[in-house]
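Since the structure comes first, as structure tokens, the remarks are kept for the end.
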Amino acid sequence: MKFSTFSKKRLLLLPVVTLACIIVWWKIGSENTDVEQQFREAQIAIERDDIAAALDLLDSILERSPKHNQALLYRGQLRRDAGNLAGASSDWKRVPDHPPTTGGIARYLEATLLLEKGKARLAEQKLLRAVELHPSYPQPNRRLLELYIVQGRRDDVHQQLTRIAQFRALVIDELVFRFVSPERATVPAAGSELMRSYVAADPEDQHSKLALVRYLLEEERYSEADDVLQSLIVADPQDERAIGLLVEILLKQGKTRRAREILTKFHHRRKPSPEISKSLGYNAAEVEDWAAAAKHYLYVVEERPEDTASLYRLGQVLQRLDCDVEAQQCLKRAKLMDRLQRQALRLVWGSQEKVDLMVPIALEVGGLLAQLGRRTEAQLWYEQVLGVRPGYEPALAGLQKITENPEDPETQPYRSERLLSRISQLEETKSRSDEASFTVSPSTEGATSFYLSDMHAEAGVNYQFIGRSQFKYPPESTSGGVGVVDYDQDGWPDLYFPQGCRLPYNPNDFTYLDRLYRNRGDGTFEDVTEKVGLRENRYGQGITAGDYNSDGFPDLVVANFGRNTFLLNNGDGSFTDITSQVGLSDEVMSSSVAFADLDRDGLLDLYVVNYLDSIKVCHSPDGKYSSCNPSNFEGEQDRLYHNRGDGTFEDITSESGIIVPDGKGLGIIIADLNEDGLPDVYIANDTTPNFLFRNLGAENGIRFVEEGLLSGVALSGDGRSEAGMGVACADLDGNGALDLYVTNFYQETNTLYLNQGSGDFLDSTRLAGLAKPTHSQLGFGTQAVDLNLDGLPELFVANGHIDDFGFRGEPWKMFPQLFENIGEGKFIDVSSQSGNYFQQKKLGRGVARLDWNRDGRPDLTVVHQDSPVALLKNETSTVGNGVVIELHGVNSNRDAVGARLGVTADGLTQMIEVCGGDGFFCANERRQFVGVGNASHIDELEIIWPNGNREIHTQLPTHVKLVFIEGKSPLVMRNR
């Protein structure tokens, strides 16, 4: 992400006004022919680039005619170009306001010098005077707009756009800011750096201080933001903008008591500022006063319809008020607004000279505006398209559609009389008490010293992903998966690595093959790829493992760019490619694959996540090959295959309900997220809203409905779609419901969605302590894994950028991260003290969970694009008691995918599910590692098998492997 049109360079080093643009009225009122002749000679000297001669001539003119305005403007410009800023300022100050044309130019040029010195407040005064004197002069108007944008001054931006539109048609990057919040257009780190320079140069610059606070908030730098805010509030105790930001900081840190104390005086104010109303809505939602929250958020979106976060939160609140129709309308608008803003900003950040790329984006923006009822703006966008492509049929069709129905619909269709009546009725009843316990921020020190050692070299796993070329095709930026599978059923987990290949794919090129490493059981592995007859040479991405035919041996499905591969385990240590026989024939860009029993018939079905609809080569501004932005592509539709039970699959994509637009899937988890006994499907999409397919459990087949928005897991809590990569799924806060952790792009933060029960999720990233440490990372594979066996799963994340963007100040290789779970949904970053592996920057991709050395502790394996795979041994010094649980279905699917475990020990219960999918391009070991802390035994273990049958077992030992065969007593075994 970069500034481009509103670039840091342009903000710091203002455009040098070319001499040709300075209007010269030297003929008017001139009585001295010699002076005017000298002035013409000075102009000629400038055109010859003879600056010394030009300066001599201008000096001579000003000696004879000290008030020669044109000469002052010219000499000031030449002095500035030479670095003599004091001289330039002196010349331009001597130019009076009248006549207003030269006066307007002089005031603008003075403003540019002030901005170079960081004095934005004084520069604004000069720019406003320039506009007042010379309203049609374009430079000061444009410069004011850029200043207001970088300072996040929404109302001033809109006023300035109106002023500009009086003299000329708005251009594309100006049209964008009619509906995009200014702060979304600026990288926080660059914005905060610029605002610091403004505040340092002028401590009284309140606008720059407020802007600095907003940028610091985005960077999670709460302490520094609080310090700046205190100075603002001291200067003006009634500044609601500053007070609103202070409350936002407190609420995001969980400091609810202090926030509520501040908000008390605003509760009954008829119309507080949008900043205060936003915080009032957030606070009301925290204490489940849904009527008050809806009232405040309604006011915010009335005042600021482009505030996607408030629009999104309003939709979530309306669900709690049982106003489902209005909630869905609101959430739909939030989704459209997020897409609109994301696409429009591509036109600001991108190269507008690339017509083939820009036209379809501008066309889509027009269509989105029309869907939102903003037809006047939609018309402007269609006209922009027609300006560069006259007669372009799609634009003409869009224009015709909106002109046929010129009346705009109601701006907020979800604001129904029924809703307003319900809010009023609820407000008449006694509201919930605002008294709430103060939420303590998580401790900065963990209770455990974690330690993970990379043993790949010692174990003989020297696999290296090969798949990055100079052309940087889209699959090359994401690939690097791993599957854990005991293919020979000897009790030791083996490793399968999908490999890349040269693109375009050549079926006769066997230079690079997928690799299979067999676990010898003595701490080492052997590469058995050739021994078992594997010749898989396609460009591999993700992998899943499962016993699809219930013969006791796990089979494999590899997601490829091109045809996917279904490998049948023959049970004799070999595999057979039966892709065509089972009915998998698509030739697309698949990413992840997952086995799960979606209809609970005892057979594993197959979900294939697909990514982009094509590949192309992209270039950076300097003409070099660069990884493509996924927004430049359409998404490829996922596929769903039902297991017929005869060794083949039926493609049920069309009738299953999974056909929805804007899917660019990478990670997948299949689990019962709403606790109705049916497996749901969650997809992390790249740059588009994530999907949550609810399993309807229809009698006549597998049916889903997409409810990501309604469930709160499609967008971030701020109502923004993100670049979803990996997914981890576990009960992370101990409330008995499965939560989701999604890794995202650089400067987006990863997102923690905590399940509130029955599948309603809240973005709890900031309160969990996971926002700040992930904001400057780009996460791929992630796993929830209880490394210290205390019953609280940690979070591991593999990081690394998609390309080397060092030229724009972004890191490429990144450190992996480990977050300790300290309870109640709170985490702390313990990466720096968890072993040497965490001190090495990598291009991390797929991560899988396993116990490769059979010591009863969960380990990890991580694939990198720039170095060999890591085989991480869990050497954490202090661990609790635990058991290894192995499940085998009889009436349920043999792998027990979808089974749930309720483990009670010492009065505490934890819930674990055998999930399908396993996250990003990976397959985990099916064994479950259950930590019970200091408990010496398990009081009760409840198993809910995938078909719904329940079993309860009591008084089970720890430090053993427990094998459960559906319907039978457990086998207690030594772990291996």
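Hydrogens, waters and symmetry mates play no part in the numbers below; they use all other heavy atoms, side chains included. Position 1 is the first residue of the sequence; numbering continues from there.
The pair Lys531-Glu526 counts as a salt bridge, with a side-chain nitrogen and a carboxylate oxygen less than 4.0 angstrom apart. Under the 4.0 Å criterion applied to side-chain N and carboxylate O atoms, Arg845 and Glu476 are not assigned as salt-bridge partners. Of the charged side-chain nitrogens involved, none lies within less than 4.0 Å of a carboxylate oxygen, so that Lys961 and Asp851 do not count as a salt-bridged pair. The residues Asp586 and Arg639 are annotated as salt-bridged, a charged nitrogen and a carboxylate oxygen being separated by less than 4.0 angstrom. Looking at Asp859 and Lys873, no side-chain N of the basic residue comes within less than 4.0 Å of a carboxylate O on the acidic one, giving no salt bridge. Between Arg342 and Glu722 there is no salt bridge, since no side-chain N of the basic residue sits under 4.0 Å from a carboxylate O of the acidic one. A salt bridge links Arg927 and Glu886; the closest N-O separation between the charged side-chain nitrogens and carboxylate oxygens is under 4.0 Å.
Under the 3.5 Å distance criterion, with hydrogens and angles disregarded, no donor-acceptor pair is assigned to the side chains of Tyr505 and Asn560. Judged purely by distance below 3.5 Å, without hydrogens or angles, the side chains of Gln541 and Ser479 pair a donor atom with an acceptor atom. Inspection of the Glu875 and Ser453 side chains reveals an N or O donor paired with an N or O acceptor under 3.5 Å. Asp605 and Tyr641 are not linked by any side-chain donor-acceptor pair at a separation below 3.5 angstrom, with hydrogens and angles left out of the test. Using a 3.5 Å distance cut-off with no hydrogens or angles, the side chains of Asn537 and Tyr512 do not pair a donor with an acceptor. With hydrogens and angles left out, the side-chain atoms of Asp638 and Tyr607 include a donor and acceptor closer than 3.5 Å. Side-chain contact annotation: Ser892 with Asp597, donor-acceptor N/O pair under 3.5 Å absent. Side-chain atoms of Asn564 and Ser590 form a donor-acceptor pair, as typed in the model, at a separation below 3.5 Å. Counting only N and O atoms by type, the side chains of Gln817 and Asn799 include a donor and acceptor under 3.5 Å apart. No donor-acceptor contact under 3.5 angstrom links the side chains of Asn610 and Gln637, judged on distance only. Between the side chains of Gln499 and Arg515, not a single donor N or O lies within less than 3.5 Å of an accepting N or O.
Test Lys813, Lys624, Arg808, Lys472 against Asp803 for salt bridge (charged side-chain N to carboxylate O under 4.0 Å, His left out) and you get one pass: Lys472. Only one option out of Thr688, Ile668, Ile669 pairs with Ile683 in a side chain to side chain contact (heavy atoms under 4.5 Å, CB included); it is Ile668. Just one of Asp555, Asn570, Asn569 meets the side chain to side chain donor-acceptor pair (under 3.5 Å) condition when paired with Thr576; it is Asn570.
Checked against the 6.0 Å centroid criterion, the rings of Tyr625 and His619 qualify as a close aromatic pair. The six-membered or imidazole ring of Phe566 lies near that of Tyr548, with a centre-to-centre distance under 6.0 Å. In this structure, Phe796 has its ring center at least 6.0 angstrom away from the ring center of Phe819. Aromatic rings from Phe745 and His801 are positioned such that their centres are separated by under 6.0 Å. The six-membered or imidazole ring of Phe691 lies near that of Phe693, with a centre-to-centre distance under 6.0 Å.
In this structure, the side chains of Tyr837 and Pro816 come closer than 4.5 Å at one or more pairs of heavy atoms. Considering only heavy atoms from C-beta on, Trp812 stays 4.5 Å or farther from Asp866 through its side chain. For the pair Met455/Leu872, no side-chain contact is recorded, criterion being any heavy-atom separation below 4.5 Å from C-beta on.
Contacts classified as ring-ring contact (aromatic ring centres under 6.0 Å, His included) and involving residues 586-606 (residues at least two apart or in different chains) are not found.
A cation-pi arrangement is found for Arg535 relative to Phe510, the charged atom lying closer than 6.0 Å to the ring centre and inside a 45° cone about the ring normal. By the 6.0 Å and 45° rule, Lys842 does not stack over the aromatic ring of Phe815.
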Verdict with supporting geometry, Cys915 and Cys729, disulfide bond (SG atoms under 2.5 Å apart): CA-CA 8 Å; Cys915 299; Cys729 181; 4.0 Å; no
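No more than 12 heavy atoms of other residues, nucleotides or ligands shown are found within 6.0 angstrom of CD on Glu634.
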